[in-house]
Amino acid sequence: MSNDNFDLDKIWQQQDVTQVDFHLLKRQWWLMRTKQYVYILMDALAAIAMPIAIYFFPRKMSTFETIWLWSVFLLVVVWFFYLLWLRRFSLGFKSESASTTDFIERVKLQYKQNIKIAHVNKVLCFYTPLVFVCFFLFAYFGDSSNQQVLLRKAKLMLLFNAICLPLIWFWMHKREQKFKGLLADFEAHWDRA
Amino acid sequence: MNTDFNAIVSEYGPLLSRVASSYEANQHLQQELLQEISLAVWQSLKAFKGESSLKTYILRVAHNKAVTHVAYHAKQPFNESYCEIENPQSNNIGSPENQLAQQSDVAKLLKAVRKLPVQSRQIVTMSMEGLGYQDIADVCGISSVNVGVILNRAKKSLMETFHHE
């Protein structure tokens with residue numbers, strides 16, 4: 001090693017250093033873990049909401065209703081595990097100890113997956129009312145015993161969809177745009193580097 | 001927070017702070033980055049299997065965290081009024097004249113380091129922290145021959161900038 005290099009190393013080691021704030025660190029750790037668990041809990045609740053509702057509010061269901069509900073439940077469970085897989089990096093399976101080259105690719109992949117999650121949720125906002133409409137149409141013209149009660153429930157459900165789904169769509173749209181921006185900035189930064 | 005982590009931060013805290021300073025010139029953002037790096041190190045310690053030295057492992061995590069931080073903050077507006085930071089711990093020794101000269105050298109070196117492309121910056125700072133070619137190659141995911149080439153160029157560029165300032 002030359003003297004010049006030795007001097008650079010020495011100067012480098014002489015710089016002033018900042019202390020880690022342990023109190024803040026504990027709070028950040030707790031917040032980060034809580035946020036991750038809340039996301040999983042929300043997804044899990046969405047998946048198990050239907051069996052819970054059936055358990056707490058049992059009623060006699062027609063064969064059509066039973067098949068329909070369990071089919072939707074199955075799809076929601078599959079969706080839950082798909083989301084879990086897409087979120088695997090942000091849930092701590094991401095190895096920040098990978099080499100920088102690998103890590104950069106993983107960060108890009110995570111941004112792309114977050115964009116995908118937001119986009120699929122936007123698409124679901126359009127299909128959810130359709131699923132409900134189909135269900136009520138089949139039940140109305142099929143084996144429903146009380147059509148007046150069914151109509152009242154259909155109106156309530158559609159009203160609920162009309163209020164909630166645009167809000168969810170808007171929220172997901174904002175997230176999609178945010179992650180697209182972050183991905184573009186990240187790629188631009190690393191292309192320059 | 002376990003005692004191991006406290007001991008690790010006590011030992012490697014200054015190194016983490018130097019990593020933060022090589023990516024962020026602004027003191028507030030440096031402090032923020034140092035916190036993020038420390039959190040990432042804490043999170044990653046359970047995955048440490050002893051395949052490299054602890055110092056190499058910590059530097060790898062630290063640089064990866066810095067990579068995402070810098071890309072994220074590149075276009076973010078910064079508000080200076082929201083945080084307070086403690087005075088940095090000084091490493092200066094000797095007479096006031098020596099201290100001033102030392103501070104000036106450190107400032108020049110940091111300015112020159114931050115001007116380097118990210119990969120060169122990463123390699124040169126790890127070298128100045130005492131890591132060998134193979135360790136640096138493992139951290140960056142490139143060959144040790146490449147590390148040698150980039151390091152020589154970067155040091156030459158640093159020396160030129162340093163002496164011209």
Side-chain angles (χ1 to χ4, degrees), chain A residues 1-33 36 89-108 110-111 178 181-193, chain B residues 1 6 9 13-14 16-18 20-21 27 30-31 34-36 38-40 42-44 47-48 57 60-61 63-65 67-68 70-72 74-75 85-86 88-92 102-103 105-106 108-110 113 117-119 122 125 127-130 138-142 155 158-159 162:
Chain A
M1 197 179 278
S2 71
N3 281 339
D4 279 351
N5 285 348
F6 173 75
D7 285 341
L8 281 183
D9 294 357
K10 194 176 159 197
I11 295 167
W12 180 253
Q13 297 290 335
Q14 283 170 342
Q15 65 179 286
D16 296 345
V17 291
T18 314
Q19 298 293 305
V20 174
D21 183 341
F22 279 99
H23 180 69
L24 181 64
L25 202 62
K26 277 186 197 173
R27 210 172 48 174
Q28 285 173 324
W29 173 264
W30 183 84
L31 272 173
M32 191 180 70
R33 308 266 306 177
Q36 286 167 1
F89 292 131
S90 40
L91 288 172
F93 307 118
K94 162 179 71 178
S95 174
E96 267 169 334
S97 54
S99 72
T100 304
T101 312
D102 289 342
F103 181 76
I104 288 166
E105 291 311 311
R106 287 180 197 193
V107 172
K108 284 183 192 171
Q110 186 56 53
Y111 282 146
K178 175 188 159 188
L182 285 174
L183 177 65
D185 289 350
F186 192 77
E187 284 179 333
H189 189 85
W190 285 101
D191 288 346
R192 268 205 317 275
Chain B
M1 195 179 290
N6 290 351
V9 169
L16 298 180
S17 173
R18 288 192 291 271
S21 73
Q27 262 201 334
Q30 246 179 53
Q31 173 78 39
L34 176 62
Q35 288 296 125
E36 285 181 27
S38 306
L39 197 60
W42 187 9
Q43 216 182 352
S44 304
F48 178 60
Y57 185 79
R60 187 184 299 171
V61 175
H63 278 283
N64 283 344
K65 183 41 84 181
V67 157
T68 44
V70 172
Y72 182 76
K75 287 192 176 176
I85 57 165
E86 290 176 20
Q89 194 178 18
S90 177
N91 285 332
N92 292 334
Q102 194 177 304
Q103 279 174 2
D105 283 349
V106 168
K108 275 200 286 186
L109 178 59
L110 273 171
V113 164
V118 179
Q119 193 176 49
Q122 206 175 0
T125 52
S127 166
M128 290 191 289
E129 291 294 348
D138 289 343
V139 171
C140 299
I142 57 175
K155 284 208 165 177
L158 274 187
M159 293 307 295
F162 194 78

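Chain A is the first sequence line, chain B the second, and so forth, proteins listed ahead of strands; every chain is numbered from 1. Just so we're clear, the structure is a prediction, and the values are computed from it rather than from any experiment.
- Side-chain contact between A:Trp12 and B:Val106 is absent, with no heavy atoms from C-beta onward closer than 4.5 Å.
- Most heavy-atom pairs under 4.5 Å with chain A, from the set B:Gly13, B:Ser17, B:Ser21: that is B:Ser17.
- Rounding to the nearest 0.5 angstrom, the gap separating the CD1 atom in A:Ile11 from the CE atom in B:Met128 is 9.5 Å.
- Side-chain atoms of B:Gln35 come within 3.5 Å of backbone atoms of A:Asp21 as a donor-acceptor pair (strictly under, hydrogens ignored).
- The nearest pair of heavy atoms linking A:Leu25 to B:Trp42 is O-CZ3, 4.0 Å.
- From A:Asp9, atom CG reaches atom NZ of B:Lys155 across 4.5 Å, with rounding to the nearest 0.5 Å.
- Between B:Arg60 and A:Thr100, every side-chain heavy-atom pair lies at or beyond the 4.5 Å cut-off.
- Pairing each heavy atom of A:Val20 with each of B:Ser38, the nearest pair is CG2-OG, 3.4 Å.
- Of the inter-residue distances, the one linking A:Leu8 atom CG with B:Met159 atom CE reads 4.5 Å to the nearest 0.5 angstrom.
- Using a 4.5 Å cut-off between heavy atoms, B:Leu110 touches chain A through its side chain atoms alone.
- Contact annotation for B:Asp105: both backbone and side-chain heavy atoms come within less than 4.5 Å of a heavy atom of chain A.
- Inter-residue side-chain proximity for A:Gln13 and B:Glu129 is flagged as met; some heavy-atom pair is nearer than 4.5 Å.
- Of all heavy-atom pairs between A:Phe103 and B:Thr68, the closest is CE2-CG2, 3.7 Å.
- Two residues are said to be in side-chain contact when any heavy atoms from C-beta on lie closer than 4.5 Å; A:Val107 and B:Val67 fail this criterion.
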